[in-house]
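In what follows, a structure is listed as structure tokens, so that the remarks can point back to it.
The chain is numbered in sequence order, starting from 1. In each ligand, atom 1 is the first atom listed, and ligand 1 is the first ligand listed. Side chains are part of it too, since the values below use all heavy atoms of this structure and drop only hydrogens, waters and symmetry mates.
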Amino acid sequence: MRTEKVEIFDTTLRDGEQVPGCKLNTKQKLKIAARLDELGVDVIEAGFPVSSPGDFNSVNEISKLVKNATVCGLTRAVKNDIKVAAEALKYAVKPRIHTGIGTSDSHIKYKFKASRPEIIERAGEAVAYAKSFVDDVEFYAEDAGRTENEFLARVCTEAVKNGATVLNIPDTTGYCLPEEYGKKIKYLKENVVGIENVIISCHCHNDLGLATANAIAGISNGARQIECTINGIGERAGNTALEEVVMILRQHPYLQLNTDINPQLLYDTSKMVSREMGMYVQPNKAIVGANAFAHSSGIHQDGVIKNRETYEIINPADVGVTESAIVLTARSGRAALAYKAKKMGYELTKLELDSVYLEFLNFADAKKEVADHDIHTIMDIYKKSARA
Ligand code: KIV
Ligand code: ZN
């Protein structure tokens, strides 16, 4: 089956790093960039060079370090931003400048106090100026999610006319519904002049919990790049989570879309980013949360012990998790207890299991979770009572 590639544009070090309390130093950024390159991302957005000398330095150092991925720097549609970004990226094997401007009515009216024709002009000029430094220029239409489609197509046409290679359509405020975002991408595919020569990129925020769904709607309608972050970190409620989109494409082969990501590094990368950023991952986070492959109810545990596929759609080993976890609680049944006890070296007959199970329930009612060391205690109590 012929599948088409979706480019993975990682913005953990730029949009992700904008999270309150999550400043990374250059050394930490280099460590994460090296891992992202190893993970197989196509683009690493390394920072916003004009924003501070530290960010400039990080983009510069990452440009020297990264050998496979394109290294990208963000700018506003401002000449000095673009010049500084080009300077920061000068050592990159594959440099990209990411420039753009707000296109929604509220951005035009309140942020820029400008008119629509002025925005179109500034978009074109920014792309043309960026193009004088690098071949690869990505244009973003900030708040595209709330921008009227007909105007958005005109701004994008101007960006393409001036040499943009990628058109980023951000749902900056996480406002769109998947159907609406998908239709927006379809509209641009059909109405932007020169679209056949550029890639459309989805950049979705999670304010309504739809960042991943919107990105998938985008690629289902012809976009071929997804902007995302490890663990979905990012402004406010975050961005599309890299691990989610990668696994969605893997688990749904009929979509005929693939990425170059090595999924076996996903769990470890999630832990590394969480550690470096001091940003804890919610336990129920899809793919990489502590409970993503943990089973605690008796019915589910019984099923998973018989065959993992009864309650798991992903083999944990595929994303670098050693094995599914059976968490013993008062909801666990005999099958789970026997399974866990066996793993710890206790082979129990049916009769023995009945007695141990009663002791186990006493423990489980008293504690929320029965840990491995509790199993040893339960077995000791059982052995003593059996001898008496
Ligand atoms: O969310 C957004 O609009 C952005 C752009 C600056 C690309 O992060
Ligand atoms: Zn963003």
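Here the straight-line distance linking atom OG1 of T310 with atom NE2 of H295 works out to 7.5 Å at 0.5 Å rounding. The CG atom of L74 sits 11.0 Å away from atom CD1 of I97, with the distance rounded to the nearest 0.5 Å. Rounding to the nearest 0.5 Å places CZ of R331 at 9.0 Å from OG of S296.
Listed by number with element, the atoms of ligand 1 under 4.0 Å from a non-hydrogen atom of D15 are 8 (O). Residue-ligand proximity, P170 to ligand 1, at heavy-atom distances under 4.0 Å covers atoms 2 (C), 3 (O). Every atom of ligand 1 is numbered from 1 in the order shown, and the set under 4.0 Å from a heavy atom of E142 is 3 (O). Atoms of ligand 1 lying under 4.0 Å from at least one heavy atom of H205, given by number and element, are 1 (O).
Under 4.0 angstrom from ligand 1, the non-hydrogen atoms of R14 all belong to its side chain. When heavy-atom distances to ligand 1 are checked against a 4.0 Å cut-off, T11 has no atom that comes that close, whether in backbone or side chain. In H203, the part holding a heavy atom less than 4.0 Å from any atom of ligand 1 is the side chain. Contacts between T172 and ligand 1 below 4.0 angstrom, taking non-hydrogen atoms only, involve backbone and side chain alike.
Of the options T229, I32, L30, I230, a side chain to side chain contact (heavy atoms under 4.5 Å, CB included) to L13 is made by I32 and by none of the others.
Per residue D15, closest N, O or S atom to the Zn ion (ligand 2): atom name OD2.
Between N168 and ligand 1, a contact under 3.5 Å exists for no N or O pair.
Other residues, nucleotides and ligands contribute at most 12 non-hydrogen atoms within 6.0 Å of the OH atom of Y91. For E196, the CD atom is densely surrounded, since the number of other residues' heavy atoms within 6.0 Å is greater than 12.
Ring pair H107/F112 is tilted by interplanar angle, where 30° to 60° counts as tilted.
Seen from the Zn ion (ligand 2), atom NE2 on H205 and atom NE2 on H203 lie at an angle near 100° (rounded to 10 degrees).
Within the 4.0 Å heavy-atom shell around ligand 1 one does not find E235.
F48 does not carry R14 over the face of its six-membered ring by the limits of under 6.0 Å from the centre and within 45° of the normal.
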